[in-house]
Amino acid sequence: MKSKRTIRIGILGFGTVGQGVWKHLQADLSALEYRLGAKLELVSASARDITKQRDVQVGPGQLTDDNFSIVNDPQIDIVCELIGGTTLARELTLQAFKNGKTVVTANKALICEHGEELFNAARDCNTHYFFEASVAGGIPIIKTLREGLVANRFSLIYGILNGTTNYMLTRMEREGISYGDVLDQARALGYVEADESLDLDGYDAAHKAVILAYLAHGRWVKLEEMVVEGIRDITTGDIAYAKSLGYKIKLLAVIRRDFDKNAVSVRLHPALIAKNEIIAQVDEVFNGISLTGDVVGETILVGRGAGQDATASAVISDIADAVVALLGAPPPVISEEDEETYKALADEVQLAGPESVSSPYYIRLRVKDQPGVLANIAKVFADHSISVATMIQEEESDSASARLIFTTHSASESNIETALKVISELDISIDTPFRLRVFKPGK
Ligand code: NDP
Ligand code: HSE
């Protein structure tokens with residue numbers, strides 16, 4: 001009988017995800033070996049401070065603070081980069097490729113910033129780069145796009161790609177907890193990234209949207225080319241008004257492709273979404289992604305978007321693919337190494353500018369409570385071709401100011417921005433106008 005090949009694994013970064021991968025691989029090694037037809041061996045892991053107390057224990061000498069001892073170890077076949085960041089992680093990944101190793105990563109920031117370079121490097125070194133855990137935690141969205149739905153061209157991909165902010169918006173909606181208090185609770189639960197701006201200002205989810213847009217449309221979009229807005233200015237009042245109008249507020253990634261104009265728009269912002277949409281019902285730390293393909297129609301995936309176990313599940317799925325590739329099977333149907341396929345997919349796709357994007361809007365104004373105010377505002381809207389759908393007026397306790405909530409019919413993004421600027425400069429305005437888009441999947 002032919003003896004099974006042993007595939008050796010090294011882990012860079014022994015934090016939340018790294019320990020999860022080690023723990024689950026070790027717990028179920030023989031089942032995975034049986035399914036893959038190979039022996040698997042966890043060789044070593046790295047951390048910055050190897051004296052730190054950890055939940056998961058490794059054998060003597062298996063934890064090192066020398067990352068390069070892992071990427072340069074000739075015994076190791078698969079390197080899992082679970083350090084995070086874009087500098088050291090990039091350097092280690094490139095070195096691992098140079099040494100012929102397959103790399104598995106959960107690092108969305110690294111792929112968003114250096115994906116093109118890293119995929120090219122993997123191809124040039126005749127190896128593979130797997131990144132399932134980089135988008136939506138445990139949801140197999142990368143595999144779904146590259147393999148399961150390979151027959152499709154996607155007119156719309158949208159959804160919730162950040163668990164932390166979804167948890168916060170859910171608690172604000174359900175319990176009326178203020179933004180500041182729910183942020184403290186999210187911090188206490190360990191949900192919020194060390195760099196909080198990644199979650200709160202939308203960058204983490206934007207990194208993930210960039211990866212999905214690349215997979216679906218073959219074009220690397222830069223963050224500077226996108227609308228990226230977070231949840232900092234949303235109040236429990238906004239959520240309550242949205243609810244009374246039949247909506248929920250979610251932080252949405254929206255990737256729309258117009259095949260006639262050969263344009264794609266990639267954006268990340270909070271939006272009102274009708275509460276009967278499945279994505280609107282994805283709450284807590286869950287993520288949800290809707291994909292509309294020309295062949296399959298709409299497919300929706302929902303699952304845990306963050307956390308040790310969900311992310312480890314995705315990393316181990318990549319390790320399994322890496323093992324299969326090392327045993328000689330071809331890489332996935334659309335592999336990141338196949339530059340020609342991606343070039344064909346991209347087909348010189350253009351980025352849609354804000355002037356070509358329109359949607360209904362939710363607008364919150366705080367104005368002086370005096371005669372003529374509504375007429376002034378209505379004139380600004382009319383001058384910018386903005387048609388009002390609903391309006392709520394609430395007098396504030398000082399009775400000198402009023403809060404006005406409008407929803408509009410579909411309006412162009414540039415008209416809304418100009419109109420709100422004009423309103424903010426009127427002497428009736430007290431606070432800077434606040435607006436959210438109303439997302440409609442069909443539009
Ligand atoms: P952690 O901060 O928990 O872990 C990072 C690990 O890397 C720690 O063990 C740390 O060492 C180690 N490390 C950092 N710098 C160095 C260094 N210079 N040399 C050696 N080791 C170093 O992060 P996570 O596990 O949460 O995240 C890892 C990756 O996974 C990131 O890219 C993240 O974006 C991604 N990800 C995370 C998810 C999550 O839910 N946590 C979900 C999806 C993706 P030490 O422990 O000594 O500080
Ligand atoms: N900060 C991220 C989130 C971690 O909350 O979704 C998972 O990528």
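First listed ligand is number 1; within each ligand, the first listed atom is number 1.
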**Student:** What protein heavy atom sits nearest atom 4 (C) of ligand 2, and how far off is it?
**Tutor:** E193 OE2, 3.6 Å
**Student:** Side chain, backbone, both or neither: which applies to L88 and ligand 1 if a contact is any heavy-atom pair less than 4.0 Å apart?
**Tutor:** side chain
**Student:** Please report which non-hydrogen protein atom sits nearest to atom 11 (O) of ligand 1, along with the residue it belongs to and the distance in Å to one decimal place.
**Tutor:** R48 N, 3.1 Å
**Student:** Tell me which one of D238, D233, D431 satisfies salt bridge (Lys or Arg N to Asp or Glu O under 4.0 Å) with R364.
**Tutor:** D238
**Student:** What is the nearest protein non-hydrogen atom to atom 6 (O) of ligand 2, stated with its residue, atom name and distance?
**Tutor:** G163 N, 2.8 Å
**Student:** Between R435 and E417, does the salt bridge (charged side-chain N to carboxylate O under 4.0 Å, His left out) criterion hold? Intermediate values first, please.
**Tutor:** CA-CA 9 Å; R435 54 94 186 110; E417 296 310 329; 2.8 Å; yes
**Student:** Is ligand 1 under 4.0 Å from a heavy atom in the side chain of N67, in the backbone, in both, or in neither?
**Tutor:** side chain
**Student:** Counting only non-hydrogen atoms of the protein, does one fall under 4.0 Å from atom 23 (O) of ligand 1?
**Tutor:** no
**Student:** Any idea which protein heavy atom is nearest atom 28 (C) of ligand 1, and the distance to it?
**Tutor:** L82 O, 3.3 Å
**Student:** Among all protein non-hydrogen atoms, which one is nearest to atom 5 (O) of ligand 2, and what is the separation to 0.1 Å?
**Tutor:** T164 OG1, 2.6 Å
**Student:** Using a 4.0 Å heavy-atom cut-off, which part of K108 comes near ligand 1: side chain, backbone, both, or neither?
**Tutor:** side chain
**Student:** Would you check if there is a donor-acceptor pair between the side chains of T390 and T407 at a distance under 3.5 Å?
**Tutor:** yes
**Student:** As an exercise, identify every atom of ligand 1 less than 4.0 angstrom from a heavy atom of A306.
**Tutor:** 40 (O)
**Student:** Heavy-atom pairs closer than 4.0 Å: do any link ligand 1 to the side chain of T311, the backbone, both, or neither?
**Tutor:** side chain
**Student:** Of the protein's non-hydrogen atoms, which lies at the shortest distance from atom 37 (C) of ligand 1, and what is that distance?
**Tutor:** V17 CG2, 3.6 Å
**Student:** Can you pull out the closest protein heavy atom to atom 30 (O) of ligand 1? Residue, atom name and distance to 0.1 Å, please.
**Tutor:** A106 CB, 3.5 Å
**Student:** Which protein non-hydrogen atom lies closest to atom 3 (O) of ligand 1, naming both residue and atom, and how far is it?
**Tutor:** T16 N, 2.9 Å
**Student:** Give a yes/no verdict on whether any heavy atom in G137 is under 4.0 Å from an atom of ligand 2.
**Tutor:** no
**Student:** Please determine if G137 has a nitrogen or oxygen closer than 3.5 Å to a nitrogen or oxygen of ligand 1.
**Tutor:** no
**Student:** For K108, take its heavy atoms, then give the atoms of ligand 2 lying under 4.0 Å from any of them.
**Tutor:** 4 (C), 7 (C), 8 (O)
**Student:** Near G307, which atoms of ligand 1 are under 4.0 Å from a heavy atom of that residue?
**Tutor:** 39 (C), 40 (O)
**Student:** Show the atoms of ligand 1 that are less than 4.0 angstrom away from any heavy atom in A133.
**Tutor:** 43 (C), 44 (C)
**Student:** Counting non-hydrogen protein atoms only, what is the nearest one to atom 48 (O) of ligand 1? Give residue, atom name and distance.
**Tutor:** K52 NZ, 2.9 Å
**Student:** By number and element, which atoms of ligand 1 are closer than 4.0 Å to a non-hydrogen atom of G84?
**Tutor:** 31 (C), 32 (O)
**Student:** Which protein non-hydrogen atom lies closest to atom 12 (C) of ligand 1, naming both residue and atom, and how far is it?
**Tutor:** G13 CA, 3.9 Å
**Student:** Under a 4.0 angstrom heavy-atom cut-off, which atoms of ligand 1 come close to F14?
**Tutor:** 6 (C), 8 (C), 9 (O)
**Student:** If the cut-off is 4.0 Å to any non-hydrogen atom of D199, which atoms of ligand 2 fall inside it?
**Tutor:** 1 (N), 2 (C), 3 (C), 5 (O)
**Student:** Hey, is Q19 one of the residues with a heavy atom under 4.0 angstrom from ligand 1?
**Tutor:** no
